[in-house]
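Here the structure comes first, spelled out in structure tokens, and everything after it is commentary.
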Amino acid sequence: MRTDNFQAPDYYNIDELLTDEHKIVRDAAREWVKREVSPIIEDAAQKAEFPKSIISGLAEIGAFGPYIPEEYGGAGLDQISYGLIMQEIERGDSGVRSTASVQSSLVMFPIYKYGTEEQRKKYLPKLASGEFMGCFGLTEPDHGSNPGGMTTNFKDKGDHYLLNGAKMWISNAPFADIAVVWAKDENGRIHGLIVERGMEGFSTPETHNKWSLRASATGELIFDNVKVPKENLMPNKSGLGAPLGCLDSARYGIAWGAIGAAMDCYDTALRYAKERVQFDKPIAGTQLQQKKLAEMITEITKAQLMAWRLGVLKNERKATSAQISMAKRNNVEMAIKIAREARQILGGMGITGEYSIMRHMMNLESVITYEGTHDIHLLITGMDITGIPAFQ
Ligand SMILES: Cc1cc2nc3c(=O)[nH]c(=O)nc-3n(C[C@H](O)[C@H](O)[C@H](O)COP(=O)(O)OP(=O)(O)OC[C@H]3O[C@@H](n4cnc5c(N)ncnc54)[C@H](O)[C@@H]3O)c2cc1C
């Protein structure tokens with residue numbers, strides 16, 4: 001079992017920008033990750049198992065629906081607290097953060113925003129407590145970056161909808177109790193439906209042999225003439241903008257989460273470099289390793305400021321989708337570069353499970369691809385500043 005000696009870097013005293021509530025929420029999540037995630041996560045990742053034992057703890061630190069109002073079981077926190085919780089969880093592992101992101105932003109958020117009052121009351125408190133786990137089905141085998149091309153569809157059969165199609169790469173799918181599924185009606189319009197485990201014709205086979213996000217369960221969603229009750233359609237928003245609204249919220253959380261992974265890699269590499277002696281002196285005393293470490297803390301500091309400012313804009317309901325794309329793209333790339341450099345600082349030890357760096361590095365290969373690839377976020381920024389879409 002690994003001892004977690006993590007010390008969070010705060011080179012620009014960014015703590016001074018946080019409220020007391022932010023720091024209380026952040027510190028509780030940090031302590032929980034040290035106590036409950038760090039001791040077990042390496043083993044879970046090596047075995048490619050999602051550690052279900054941490055679900056109740058995630059609920060207790062407010063990771064399921066941090067910004068959902070308390071009347072529905074959420075924590076009723078602001079967007080910066082949400083971001084800080086994601087940062088701390090991803091400091092432990094991106095796969096665990098993925099589970100929390102999906103539950104909060106991709107399942108609870110659409111039910112809260114687009115669902116009926118009955119749907120809110122039925123599902124949100126159970127999702128907030130972890131009694132129910134959810135997943136989000138948007139991506140299909142032939143439609144990833146272009147989800148608008150989806151072929152999953154439903155037909156109105158009078159007293160129910162008949163759902164057919166398939167989704168792939170779905171986080172939490174193998175154990176989820178409910179799935180928020182995006183499908184086209186007979187007119188080709190996209191709607192969100194809540195599909196429950198146990199509905200006939202609905203299956204969730206697990207995706208095996210991943211080298212990334214191994215402590216997160218990924219699977220397919222298969223719909224073979226699934227009869228979905230009409231009251232399971234979320235009526236308050238339709239069209240591609242509905243799932244994209246959920247992605248905005250999740251991508252914002254990732255912009256913070258990636259900082260956590262980067263901080264863990266930096267902190268580990270800094271400590272190792274000060275202790276590891278070669279040629280009769282610590283490798284931290286060499287110019288080459290100092291360059292790596294100095295650049296890491298500079299990039300982390302820039303990412304922290306970007307995330308904090310985006311959080312302020314989110315709290316003021318002013319953050320645009322393009323601003324969120326820029327932060328997700330920048331911060332994940334920053335984290336992946338830091339993970340690669342940090343791994344080298346540890347030499348051979350860097351490839352082992354004794355340290356968290358290689359796990360973060362492999363996890364971040366998924367984080368840079370899901371919720372909009374690195375390329376797609378660049379195209380979003382390009383479109384925003386030129387006014388010309390370059391997707392096709
Ligand atoms: C571990 C994991 C978990 C996931 N969890 C979920 C989930 O819970 N729910 C869900 O719905 N999805 C999920 N996804 C799916 C993820 O969102 C998609 O993988 C992602 O959107 C990319 O789609 P794709 O893999 O089909 O790649 P593609 O869209 O086929 O892209 C392949 C490459 O082509 C590039 N490309 C595509 N279009 C363009 C263009 N117009 N111009 C230039 N380059 C382009 C991309 O940037 C990429 O490099 C998950 C994926 C992974 C790996």
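Both ligands and their constituent atoms are indexed starting at 1 by order of listing. The model shown is predicted, which means the values in this text are computed figures rather than measured ones.
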Between Ser81 and Asp78, is any side-chain donor less than 3.5 angstrom from a side-chain acceptor?
yes
Pair Lys292-Gln289, side-chain donor/acceptor within less than 3.5 Å:
yes
Of the options Tyr72, Tyr82, Tyr252, which is the one that meets Tyr67 in a ring pair (Phe, Tyr, Trp, His ring centres under 6.0 Å)?
Tyr82
Just to verify, what does Phe109 make a ring-ring contact (aromatic ring centres under 6.0 Å, His included) with, not counting sequence neighbours?
none
Verdict with reasoning, Ile61 to Ile89, per side-chain contact (heavy atoms from CB on, under 4.5 Å)
CA-CA 10 Å; Ile61 61 164; Ile89 297 175; 4.1 Å; yes
Checking Asn330 against His377: is there a side-chain donor and acceptor pair closer than 3.5 Å?
no
Quick check for students: name every N or O atom pair between ligand 1 and the protein closer than 3.5 Å, with distances.
unit_1, atom_1, unit_2, atom_2, d
ligand 1, 5 (N), Trp169, O, 2.7
ligand 1, 5 (N), Ser171, OG, 2.9
ligand 1, 8 (O), Ser171, N, 2.9
ligand 1, 8 (O), Ser171, OG, 3.4
ligand 1, 9 (N), Phe136, O, 2.9
ligand 1, 11 (O), Leu138, N, 3.0
ligand 1, 11 (O), Thr139, N, 2.9
ligand 1, 11 (O), Thr139, OG1, 3.1
ligand 1, 12 (N), Thr139, OG1, 2.7
ligand 1, 14 (N), Trp169, O, 3.1
ligand 1, 29 (O), Ser145, N, 2.9
ligand 1, 29 (O), Ser145, OG, 2.6
ligand 1, 41 (N), Phe391, O, 2.7
ligand 1, 47 (O), Thr373, OG1, 2.7
ligand 1, 47 (O), Asp375, OD2, 2.7
ligand 1, 49 (O), Asp375, OD2, 3.2

